[in-house]
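Heads up, the thing below is written out as structure tokens.
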Number of protein chains: 2
Amino acid sequence: MSNDRSLTRTDERYQAMLQALKQANLRLTPQRMAICRYLSRTRSHPTPNDIFHAVHEQFPTISRATVYNTVAVLKDLGEIIELSCTGGASVRYETELTPHVNLNCTRCGRIYDFPMEKINEIFETIDSRTDFQLENIHIKGYGICPICQKELEQEEASA
Amino acid sequence: MSNDRSLTRTDERYQAMLQALKQANLRLTPQRMAICRYLSRTRSHPTPNDIFHAVHEQFPTISRATVYNTVAVLKDLGEIIELSCTGGASVRYETELTPHVNLNCTRCGRIYDFPMEKINEIFETIDSRTDFQLENIHIKGYGICPICQKELEQEEASA
DNA sequence: TTTTAAAATTAGAGCAATTCTAAACAAGGA
DNA sequence: TCCTTGTTTAGAATTGCTCTAATTTTAAAA
């Protein structure tokens, strides 16, 4: 987040998003740009609510509808990935586009990215063996994250 | 669905579910049994609403809360799998417990099961390379299903 | 049996995420 | 300038899910 390399990277992501909007003949409104800026800089997996609050600081009049519309567009353009969720929980958006696994902690809800090149192989395997016109695949892992493991140990120790 | 082999299989699944409830010291109420029966027989990926309507025919007074409670219990017992969903869409439940990929059609929303033993290998790979306490993984594919592919071809032909 | 206590079910209220709608607003081209 | 089209906005509507309090069922004890 604070070194040159990642700054360059977030800037690239930001420019790519704007470019994509332009090429789709969509206007680069200040609101859309603010949303893209936030998405390109975050390393978390924000919910529409997170995005709304972040952008709200700059644009106090922004509406939730604009957030939902913009992320829908960015998703269709392939600039972000919509992470599915269980139950009534909110959607989250993924800005990391390189092949990776999402590790979901079932205790705290945090999502970790785990890079895995092999995913392309897995894609090929599935694609070649079905008559489905496969566009992309997504791997999710569920379990307990390192932070929660420690917390659980401490709880047990003090019990 | 209609041959001996699959009948036996659905029956096994049904018995396994009842057994699991019993072992967890939960009562085998008629409502729970009806829900298990429906789940063990379906080949689809039903939503709580689907389950509610199916069981409602037999138990006109059944409440949605009972459906939600029962699937939560069955999920905790590992008898069914909760499929995550995007946006406001409803959860779906998976009754097929052997390793497989869920292929989601982005046009019609159908979900297809694609068996893949390799998933256990992938699990091991991820598990061995992270300090996450991995419990299970889930692979989803997105694309256009064969049925929709044909429909799209026809639409194009007639256009 | 009848009694009793715990467990389960029910209907409906409550909640939170998302979508919809109609009006206001902004931008670019004639 | 006006006109058209695309965008944003606020808030209402909708939906899926959870919670709650009252009622009913269950299984086991007396």
Side-chain angles (χ1 to χ4, degrees), chain A residues 17-18 20-38 45-77 80 82-94 109 111, chain B residues 17-18 20-38 45-77 80 82-94 109 111:
Chain A
M17 287 182 192
L18 298 191
L21 288 172
K22 232 185 217 169
Q23 287 192 341
N25 276 320
L26 296 167
R27 292 184 188 158
L28 297 185
T29 65
Q31 290 91 333
R32 283 179 178 162
M33 291 171 79
I35 292 171
C36 291
R37 212 173 307 122
Y38 171 72
H45 300 82
T47 64
N49 199 42
D50 294 335
I51 302 170
F52 174 76
H53 284 297
V55 177
H56 188 266
E57 288 176 21
Q58 256 196 305
F59 291 86
T61 68
I62 199 169
S63 135
R64 277 164 202 283
T66 301
V67 174
Y68 279 101
N69 287 340
T70 304
V71 292
V73 163
L74 290 171
K75 177 195 149 197
D76 287 345
L77 295 173
I80 57 177
E82 194 175 62
L83 296 183
S84 54
C85 53
T86 59
S90 177
V91 197
R92 284 161 171 274
Y93 288 94
E94 168 71 74
I111 304 178
Chain B
M17 287 182 194
L18 298 191
L21 289 172
K22 233 186 216 168
Q23 288 192 339
N25 277 318
L26 295 167
R27 292 184 185 159
L28 297 185
T29 65
Q31 291 92 334
R32 284 180 178 161
M33 291 170 79
I35 292 170
C36 291
R37 210 174 308 120
Y38 171 73
H45 300 81
T47 64
N49 198 43
D50 294 336
I51 302 170
F52 173 76
H53 284 297
V55 177
H56 188 266
E57 287 175 21
Q58 255 195 307
F59 291 88
T61 70
I62 199 171
S63 135
R64 278 164 202 282
T66 300
V67 174
Y68 279 101
N69 288 339
T70 304
V71 292
V73 163
L74 290 171
K75 176 195 150 197
D76 286 345
L77 296 173
I80 57 178
E82 193 176 64
L83 296 183
S84 54
C85 53
T86 60
S90 179
V91 197
R92 284 159 172 278
Y93 287 94
E94 168 71 75
I111 303 178

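Chain identifiers are assigned alphabetically (A, B, ...) following the order of the sequence lines, protein sequences preceding nucleic acid strands; residue numbering begins at 1 within each chain. As a basis for the values below, the full set of heavy atoms in this structure was taken, side chains included, without hydrogen atoms, waters or symmetry mates.
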Tell me, do B:Met17 and B:Ile80 make a side-chain contact under 4.5 Å, heavy atoms counted? yes
Sorted by chain and residue number, the side-chain hydrogen bond (donor to acceptor under 3.5 Å, both in side chains) partners of A:Arg92 (sequence neighbours excluded) come out as none
Sorted by chain and number, sequence neighbours left out, side-chain hydrogen bond (donor to acceptor under 3.5 Å, both in side chains) with B:Thr66 holds for none
**Message:** For D:dT25 and B:Gln31 - does any side-chain N or O of the residue sit under 4.0 Å from the phosphate oxygens OP1/OP2?
**Reply:** no
Does B:Thr66 make a side-chain N or O approach to OP1 or OP2 of C:dT10 shorter than 4.0 Å? yes
When rounded to the nearest 0.5 Å, the distance separating CD1 of B:Ile51 from OH of B:Tyr93 is 7.0 Å
| message | Between B:Asp50 and B:Thr47, is the side chain to side chain contact (heavy atoms under 4.5 Å, CB included) condition met? List the steps. | response | CA-CA 5 Å; B:Asp50 294 336; B:Thr47 64; 3.1 Å; yes
In short, the helix from C:dT1-D:dA30 to C:dA30-D:dT1 is bent end to end, axes from five pairs each side, to 10°, by 10°
Per nearest nucleotide of DNA chain D, the residue lying toward the 5' end, A:Thr61 or B:Thr29, is A:Thr61
Whole-Å gap separating [atom2] ([N]) and [atom1] ([X]):
X: B:His56; N: C:dT9; atom1: NE2; atom2: C1'; answer: 14 Å
X: B:Met33; N: C:dA8; atom1: CE; atom2: P; answer: 15 Å
X: B:Lys75; N: D:dT18; atom1: NZ; atom2: C1'; answer: 14 Å
X: B:Asn25; N: D:dA28; atom1: CG; atom2: P; answer: 11 Å
X: B:His53; N: D:dG16; atom1: NE2; atom2: C1'; answer: 12 Å
X: B:Phe52; N: C:dT10; atom1: CZ; atom2: P; answer: 9 Å
X: A:Arg32; N: D:dT9; atom1: CZ; atom2: P; answer: 11 Å
X: A:Gln58; N: D:dT8; atom1: CD; atom2: P; answer: 14 Å

Residue pairs meeting salt bridge (charged side-chain N to carboxylate O under 4.0 Å, His left out), one or both in residues 53-76 of chain B, sequence neighbours left out, come to B:Lys75-B:Glu82
Contacts satisfying ring-ring contact (aromatic ring centres under 6.0 Å, His included) that involve residues 55-75 of chain B (not counting sequence neighbours) are B:Phe52-B:His56
Taken in chain and number order and not counting sequence neighbours, the residues that satisfy side chain to side chain contact (heavy atoms under 4.5 Å, CB included) with B:Thr29 are B:Arg27, B:Gln31, B:Arg32
B:Ala24 meets the side chain to side chain contact (heavy atoms under 4.5 Å, CB included) criterion, sequence neighbours left out, with B:Leu26, B:Leu77
Its contact letters, B for base, S for sugar-phosphate only and - for none at protein heavy atoms under 4.0 Å, make nucleotides 16-30 of chain C read -SBBB------S---
